[in-house]
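Structure first, then comments.
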Amino acid sequence: MLEKTYSPADIEAKWYDHWESTDAFACGRNQGGETYTIVMPPPNVTGNLHMGHALDNSLQDILIRFERLRGKDVLWQVGTDHAGIATQNIVEKQLDAAGLNRKDMGREKFIERVWDWKAESGGNITRQLRRLGASCDWSRERFTMDTGFSAGVLKFFVKLYNDGLMYKDNRLVNWDPKLKTAISDLEVEQKEVSGHFWHFRYPLVDAQGDIIKNKFIEIATTRPETMLGDTGIAVHPSDERYKDLIGQQVKLPLVGRLIPIVADDYADPEQGSGAVKITPAHDFNDFEVGKRNDLEMINILDESASLNRNAPEKYQGMDRYQARKAIVADLEGGGFLVKVEPHTHMVPYGDRGGVVIEPWLTEQWYVDAPKLAVKAIEAVETGKTNFIPKNWEKTYYQWMRNITPWCVSRQLWWGHQIPAWYAPDGTVFVCETEGEAYTQAQAKFGNDVVLERDKDVLDTWFSSGLWPFGTLGWPEKTPEVDRYYPNATLVTGFDIIFFWVARMMMSGLYIMDDVPFKKVYIHALVRDEKGAKMSKSKGNVIDPLDFVEKYGADALRFTLSSMEAQGRDIKMSEKRVEGYRNFGTKLWNAARFCEMNGISGSNSLKPPTATLTLNKWIIGEVMQAAQGVTKALEAFKFNEASDTIYHFTWGKFCDWYVELIKPVFWGEDEEQKQETRVVTAWVLDQILVILHPFMPFITEEIWNGLGAQRDTDIIHARWPEIGAVDAAAMADVDWVIRFITEVRSTRAEMNVPAGAKATALITGASKQTQRRVTDWHDMLARLARLEKAECVTSADTNGAAQLVVDEATVLLPLAGLMDLGAEKARLNKALDKTSKEAASLKGRLGNKGFTDKAPAHVVKDAQEQLSELEAQMQKLQAAIQRLGD
RNA sequence: GGUCGGUUAGCUCAGUUGGUAGAGCGUUUCGUUGACAUCGAAGAGGUCGCUGGUUCGAACCCAGUACCGACCACCA
């Protein structure tokens, strides 16, 4: 028995436990079936579920449950990511709060501590995914730092190295002085900052290196402190102002170093004075200019962006911003400051550390991404992998075609340590294991050689790039790798196309020689109600679990799905969630109605045989809804899929079918009752199955709560088969609905008391209408609140409301009960609308261009419509006339 | 500077092969009829940003334009 009121909280946990304990999510249940694989973007192991996860995973679960119902062998691979920087950050903060730091602790102890934290908080996110209803195969859960997966990561590294695609290079990197690690281009965020533009002048010197009085060259900078590392001045080769100065030198203030003036296209004559200071060790552009002009590279900063020993003693140890102040003051004191202007410019920030990134000269490991990108681009161009919506392919191409070498080494401790060992002379051995490194090293240096392992770890995305096959067991040759790779679909947000999707494409094609997935569905971002990006600092974060708590996971999932229209961000609205909770209640009550009338469940996939028109009709409606949802989901149109099943369930099944069958159950005809029970049971089952991907919990509860013998839980039921639609039945019920709606509308507008019953007298009825009136009499009477309805040849129109349904005119004698003025106004309004439409159609049909050029069926439709409208107009006019003045 | 998206009812948004606009919420009126007031019935509300073009016909295609947003690159 179903409880009187539906309360999600009571049943959701129960069903999830049930599914999990019966291995309902396990892959391989249908070995003969076509496979369907999705790998879940691995959330940070110590993270918490936010609205983005809720959307991403709801959509994946909808697809997974849909395909499971369709009989495919589905694998939804789940797992978590070690999230190098993020996790290490959290643990370091904890240490900090306890007055400790990792350096004192030592690497081994620190890593132990991180594992402890992982053990402690790692269950949060997976519990939350369960709460959401995610039907992923937990028996296959993986972690990016599992032994097997880690072996794969190292193998990947070694293979790249051996193929010449992984190399060490000494160049400028984006250095985070807070976290003291290199980061990749993608982890840098440009932010607009209002700062200053300082104009300085550097004195020119003569051939002997002595300052020439009153001869200066003016430069401008937003970062005065870097001037200590200046090793040149660049001017444009065709800049007339400086032609004579090229090749001469200036004396760098505060430092005293003589630096050359060089000609380089990089200098923009339009900018500032046209001369630009060059600091090759602290600016990406200057680095290139320095290389081209053979300038010295002087690194003046240490790992925390304080001035190092290459700076004049006075500034050593100063933080970069302290140094800036001191240097500006000193330059001003020395008469080198020309002016200071306010200036707004973009400044790079580290996305994790939140401090200004310093271009810093260090040796790091790089992946030759431009080479790996070639196949990854080709795979999308040739359609082996498709993006949906397609416009994201452009974004992908744009980045891939301009890709730069990928810096993958991180000066962290938490992560996959780089498998490179160094001999005392610096010779590097890149191997999967230490033993192997020693074997190689001993062959070269003898048995006494002592190797030291590279201290750095790999970028987290380097390992998550292997997710689509690493989780299947690679580098082992497992049956799962053969069976589930390539994956069918990837579902993710556009914000990680570069970070993750692109890297998986490259690594998948490189390692597996095939694309990682055939389709990539890119969804939008979830924003707050006002459209602002949710962020902790803004305090506008909506916790999905609050909604789950309040309205149920089903309601949240349905909301996210119905708001997921391609190409647009989602503005999360509590009202919507509430509305879909109400939808759940509506379904619940409809099921209770069924139960009360002896309807339990149907184990038939095929629609039952129906003799009653109204049963034939609802079967046809099911077919149309099932087809609509199927097509929509196949095309990733989640909003369309949800809307279709929503409107069928509420607008057709509850609003009309349930109302129309009530008289059957009140009647005496047992055969009719039985047929209707069977049909209703089948229809309800189809609704439950179609709705199950969106609302897994309530559908499972009703499925099992109706008292029917079930072969399986609904999670393993079968998706409806699309069958024939009885057009005649559809037309009949369509007419019934229109008739009832017209009468109700008239009554409401005439302010007829709800309790008053009238007799409907129908004139001008065709044979078909006459038949319909007879066939549907009781339903019409009940739902339109009529005493009775009958077809007559003529009737007294005095004081009667009149309405037109198709060819017939319906009279409702309600003298005394209705407002005659209102009736006249109503008829005039109807006439107005009709004649306007008719006029427009007439105009179109009178246009030779239209009748000649438009397709025949369009013209025919227009003609038929016009004659219908004209007939209606006549009837309305007649009705108005009958009403008199 | 480059790329992409958006502009439709009071609000949030649908509307893919161009044929006279839909939903949810909100709002107004009515309703305690035997699943459901987390409900039912009925209604009001839109020259689809602007200008031009293509077409018999444009919310939809093309060009231009305004405003909003995102991403990438850059401004010494």
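Since this is a predicted model, take the numbers as computed values, not measurements. Below, chain A is the first sequence line, B the second, and so on; all start at residue 1.
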**Item:** Qualifying residue for ring pair (Phe, Tyr, Trp, His ring centres under 6.0 Å) with Y580(A), from Y551(A), F694(A), Y646(A)
**Value:**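 So the option named by the test is Y646(A).
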Between [N] and [X], is there an OP1 or OP2 to side-chain N/O distance shorter than 4.0 Å?
X	N	answer
K4(A)	rA35(B)	no
K571(A)	rC13(B)	yes
K575(A)	rG26(B)	yes
W666(A)	rU33(B)	no
K394(A)	rU3(B)	no
N582(A)	rC39(B)	yes
K836(A)	rU20(B)	no
S745(A)	rG43(B)	yes

Taking the [atom1] atom in each of [N] and [M], what is the distance between them to the nearest angstrom?
N	M	atom1	answer
rG53(B)	rG43(B)	C1'	40 Å
rC25(B)	rU33(B)	C1'	28 Å
rU27(B)	rC68(B)	P	32 Å
rC61(B)	rG19(B)	P	12 Å
rC48(B)	rU7(B)	P	13 Å
rC60(B)	rG2(B)	P	26 Å
rU8(B)	rG15(B)	C1'	9 Å
rU28(B)	rG45(B)	C1'	11 Å

Base, sugar-phosphate, or nothing: which does [X] touch, judged by heavy atoms less than 4.0 Å apart?
X	value
T851(A)	nothing
N285(A)	sugar-phosphate
E393(A)	nothing
P753(A)	nothing
A854(A)	base
C654(A)	base
D643(A)	nothing
K848(A)	nothing
W650(A)	sugar-phosphate
A565(A)	sugar-phosphate
K853(A)	base

According to the Watson-Crick and G-U wobble definitions, with both distances under 3.5 Å, which nucleotide is paired to [N]?
N	answer
rG19(B)	rC56(B)
rA37(B)	none
rU7(B)	rA66(B)

**Prompt:** Counting only N and O atoms by type, is there a donor-acceptor contact under 3.5 Å from the side chain of R576(A) to the main-chain atoms of F558(A)?
**Reply:**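 Checking the backbone N and O of F558(A) against the side chain of R576(A), no donor-acceptor pair under 3.5 Å is found.
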**Asked** Are any side-chain N or O atoms of N847(A) and backbone N or O atoms of G843(A), one a donor and one an acceptor, separated by less than 3.5 Å?
**Response**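 Judged by distance alone, no pair lies under 3.5 Å.
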[X] side chain, from C-beta outward: closest of [options]:
X	options	result
E749(A)	rG19(B), rC4(B), rA42(B)	rA42(B)
N391(A)	rU38(B), rG5(B), rC74(B)	rG5(B)
Y266(A)	rG19(B), rC75(B), rA35(B)	rC75(B)
L841(A)	rU20(B), rC74(B), rG19(B)	rU20(B)
S840(A)	rU38(B), rC4(B), rU20(B)	rU20(B)

To the nearest angstrom, how far is [X] atom [atom1] from [N] atom [atom2]?
X	N	atom1	atom2	answer
N589(A)	rG34(B)	CG	C1'	14 Å
F499(A)	rC71(B)	CZ	P	12 Å
F636(A)	rA14(B)	CZ	C1'	20 Å
F850(A)	rU55(B)	CZ	C1'	13 Å
E270(A)	rG1(B)	CD	C1'	16 Å
F558(A)	rA14(B)	CZ	P	16 Å
E837(A)	rG57(B)	CD	P	21 Å
K829(A)	rA42(B)	NZ	C1'	11 Å

**Asked** Is the NZ or CZ atom of R201(A) both under 6.0 Å from the centre of the six-membered ring of F336(A) and within 45° of that ring's axis?
**Response**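 Negative - R201(A) is either too far from the ring of F336(A) or too far off its axis.
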**Message:** For the residue pair R782(A) and W666(A), would you count it as a cation-pi contact if the rule is NZ or CZ under 6.0 angstrom from the ring centre and within 45 degrees of the ring axis?
**Reply:**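 No.
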**Request:** Side-chain contact test, heavy atoms from C-beta onward, threshold under 4.5 Å: evaluate it for I740(A) versus I737(A) and give yes or no.
**Result:**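 I740(A) does not reach I737(A) side chain to side chain.
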**Asked** Are any of the side-chain heavy atoms of E218(A) and V338(A) separated by less than 4.5 Å?
**Response**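 Heavy-atom side-chain distance check passes, below 4.5 Å.
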**Message:** Tell me whether K662(A) at atom NZ has more than 12 heavy atoms from other residues, nucleotides or ligands lying less than 6.0 Å away.
**Reply:**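 Yes.
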**Message:** Go nucleotide by nucleotide along RNA chain B from the 5' end; which of A234(A) and R744(A) gets its closest nucleotide reached first?
**Reply:**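 Mapping each residue to its closest nucleotide by heavy atoms, the 5'-most match is R744(A).
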**Request:** Using heavy atoms to find the nearest nucleotide of RNA chain B for T741(A) and G579(A) separately, return the residue whose nucleotide is more 5′.
**Result:**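 It is G579(A), whose closest nucleotide lies nearer the 5' terminus.
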**Short N-O contact, K550(A) and E574(A), less than 4.0 angstrom** =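 Yes.
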